[in-house]
Amino acid sequence: MSLVTAPPLTGLARKLVADRILDEQTVQEAIDKAKTESTSLQRYLIDQKLVSADVVAMASAEEFGLPVFDLSVMDPEQAPLTLVEEKLIEKHHAVPLFKRGKRLFVAIGNATNMQALDEFKFNTGLSTEPVLVREDDLDKFIEKALSAMDTGMDDMMLDDDLANLDVEAAEEEDRGPTESDADDAPVVKYVNKILVDAINKGASDIHFEPYEKRYRIRYRIDGILQEVASPPINIAGKLTARVKVMSRMDIAERRVPQDGRIKLKLSKKRAIDFRVNTCPTLFGEKIVLRILDSASAKLGIDALGYEPEQKELYLNALANPYGMILVTGPTGSGKTVSLYTGLNILNEPETNISTAEDPAEINLEGINQVNVNPKVGLTFAEALRAFLRQDPDVIMVGEIRDLETAEIAIKAAQTGHLVLSTLHTNDAPQTLTRLMNMGVPAFNIATSVTLIIAQRLGRRLCPHCKAPEDLPTEILKQEGFTDDDIAEGFTVYKAVGCDQCVKGYKGRVGIYQVMPVTEAIGRLIMGGANAMDLADQAAKEGVDDLRRSALKKVKQGILSLEEANRVTKD
């Protein structure tokens, strides 16, 4: 009986074993699983976190004698993308970087990807030279490159170009936008550029604002509005017309607010939705676009900023077959992303999920989403009644606004359904008293609500430039840090600012109060307790309030004390 032995290791696999980065058995298993999953060894090792992208790149460089290039210093828009077809970039996961004479330098993450070099050579007629890059950097670079190709970024106009447009002044003061305005090619390119730039900069909203003598465009980035452009006031009508056409609104109607939606395709694999609203002002229509990226719901619960114990409480509540989970906070505090992250966890073939929203902000396949429309009688309450006749497992209500909606949602939670919804209150205990003030019987609240999440969004300190801030112990105590906190020792960081962030901040992180409705809290509800009594009981049970959660993130170096004070005030 002969034994089948594995072939000797070669290339990257041999190098990793020789350098004692991985043992031979682990590498052989990785090779086998990579073949099964039809992926490269490099990709499998990185995805499974067996080694870092840096280690893979350096090991490959030494083994194959190739230079390693840092893609972060390269602007995708400067790459000669038009030399090859988009489908080749996607197929081979390789992208052209430079053209020098008759030589084309191609970025690859897999040093053995000779097929990419051959096909690029065949399609361009140029000799190809491989340039080794980190696999994860290549992923981001290709996404940006394809986005630039699909939206024609090279042809986009700058604000200075608009100043030179020959635009006829309106003959009448109240002249409105027309179809010809919407079709003006330079304006089409300009609006596209504004939308794409907003996505690339991580904005959540875009504001188009007309005033008497100027026009202003602002992005909301990390919760703060920033002016990004000031095009000539005489093209205000054209900008308005273009956005209204894109969102399928009535161009001629300028007297009342309108709602619309835009779907912008960045690449074959990624599209971004915009929720659009117009509002007539003194000097024209102000337009606000909310950027809705479905990818935000697929980031996973770990990316949202929950503390370990808070994450466990949320996951346990989602695992219940019935009951109600409420998320509360002001507009723009991330409630929708929190809810959809939970729905994404529950989104399995065997689960029937229905949502009623005003309007649906994030589209997820596998979830039945309904936009409420009070004009035709489709209210939250009516949608809920319909859901209960549709054999539901999980129901999400965009917002509980009235007693009728609250009563139907609670009835659903008591009859074997998991219900998720939102309210607008300041913290978790106030949510319970708000339901009582709406007229919901205390018994129904105590027996149906299982978990309440209050949340805010704080700007995350830039890891590249944050600096320690020396604060005296007295100040730390005044801010809410305990003697135990100070005894443990921690560093408070402040925002500085660099070329990789906005005024010292980059991205946002959630600040949460996650309060389960325990038996003790249920008894207080039944006894008609107020929000302060409920908050005291929650604190006894170890539930951090929003202020305490923010201070924990200050201790972890994620938030500045200034930002914690901005979003959570006593």
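Index from 1, following the sequence. This one's a predicted model, so the numbers in the text were calculated from it and none came from an experiment.
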Look at the side chain of [X] and the backbone N and O of [Y], then say whether any donor-acceptor pair between them is shorter than 3.5 Å.
{"X": "His424", "Y": "Gly329", "result": "yes"}
{"X": "Lys286", "Y": "Pro280", "result": "no"}
{"X": "Thr405", "Y": "Phe380", "result": "no"}
{"X": "Ser333", "Y": "Pro330", "result": "yes"}
{"X": "Glu253", "Y": "Arg255", "result": "yes"}
{"X": "Asn347", "Y": "Ile367", "result": "no"}

Option among Val188, Val276, Asn192 that satisfies the side chain to side chain contact (heavy atoms under 4.5 Å, CB included) test with Met246 = Asn192
message = Applying salt bridge (Lys or Arg N to Asp or Glu O under 4.0 Å) as the test, list every pair that has at least one member in residues 379-395; sequence neighbours left out.
response = Glu382-Arg385, Arg385-Glu404
inquiry  = Could you measure the distance from the OH atom of Tyr340 to the CG atom of Leu420? Nearest 0.5 Å is fine.
reply    = 10.5 Å
Test side chain to side chain contact (heavy atoms under 4.5 Å, CB included) applied to [X] - qualifying residues, sequence neighbours left out:
{"X": "Ala383", "answer": "Ala356, Leu378, Phe387"}
{"X": "Glu227", "answer": "Arg214, Arg216, Arg218, Ser230"}
{"X": "Ala360", "answer": "Glu357, Gln369, Asn371"}

Check: Asn352/Asn368 side-chain N/O donor and acceptor closer than 3.5 Å = yes
key: Pair Thr341, Asn344: side-chain N/O donor-acceptor within cut-off below 3.5 Å   = no
query = Is there a side chain to side chain contact (heavy atoms under 4.5 Å, CB included) between Leu561 and Lys494 once you walk through the steps?
reply = CA-CA 7 Å; Leu561 193 53; Lys494 63 181 179 180; over 6 Å; no
Please enumerate all residues that pass side chain to side chain donor-acceptor pair (under 3.5 Å) together with [X], with sequence neighbours excluded.
{"X": "Thr425", "value": "Thr328, Thr431"}
{"X": "Asp250", "value": "none"}
{"X": "Gln513", "value": "none"}

Give every donor-acceptor pair under 3.5 Å between a side-chain atom in residues 496-510 and any protein atom, sequence neighbours left out.
residue: Gln500; atom: OE1; partner: His464; partner atom: NE2; Å: 3.2
residue: Tyr505; atom: OH; partner: Ser560; partner atom: OG; Å: 2.8

For [X], what residues pass the salt bridge (Lys or Arg N to Asp or Glu O under 4.0 Å) criterion, not counting sequence neighbours?
{"X": "Glu307", "answer": "Lys553"}
{"X": "Arg220", "answer": "none"}
{"X": "Asp205", "answer": "Arg290"}
{"X": "Lys311", "answer": "Asp302"}

query = Tyr215 and Phe283: aromatic ring centres closer than 6.0 Å?
reply = no
inquiry  = Check this for me: Glu469, atom CD, are more than 12 non-hydrogen atoms of other residues, nucleotides or ligands nearer than 6.0 Å?
reply    = yes
request  = Using the six-membered ring wherever Trp is involved, compare the ring planes of Tyr306 and Tyr512 and label them parallel, tilted or perpendicular (cut-offs 30° and 60°).
outcome  = parallel
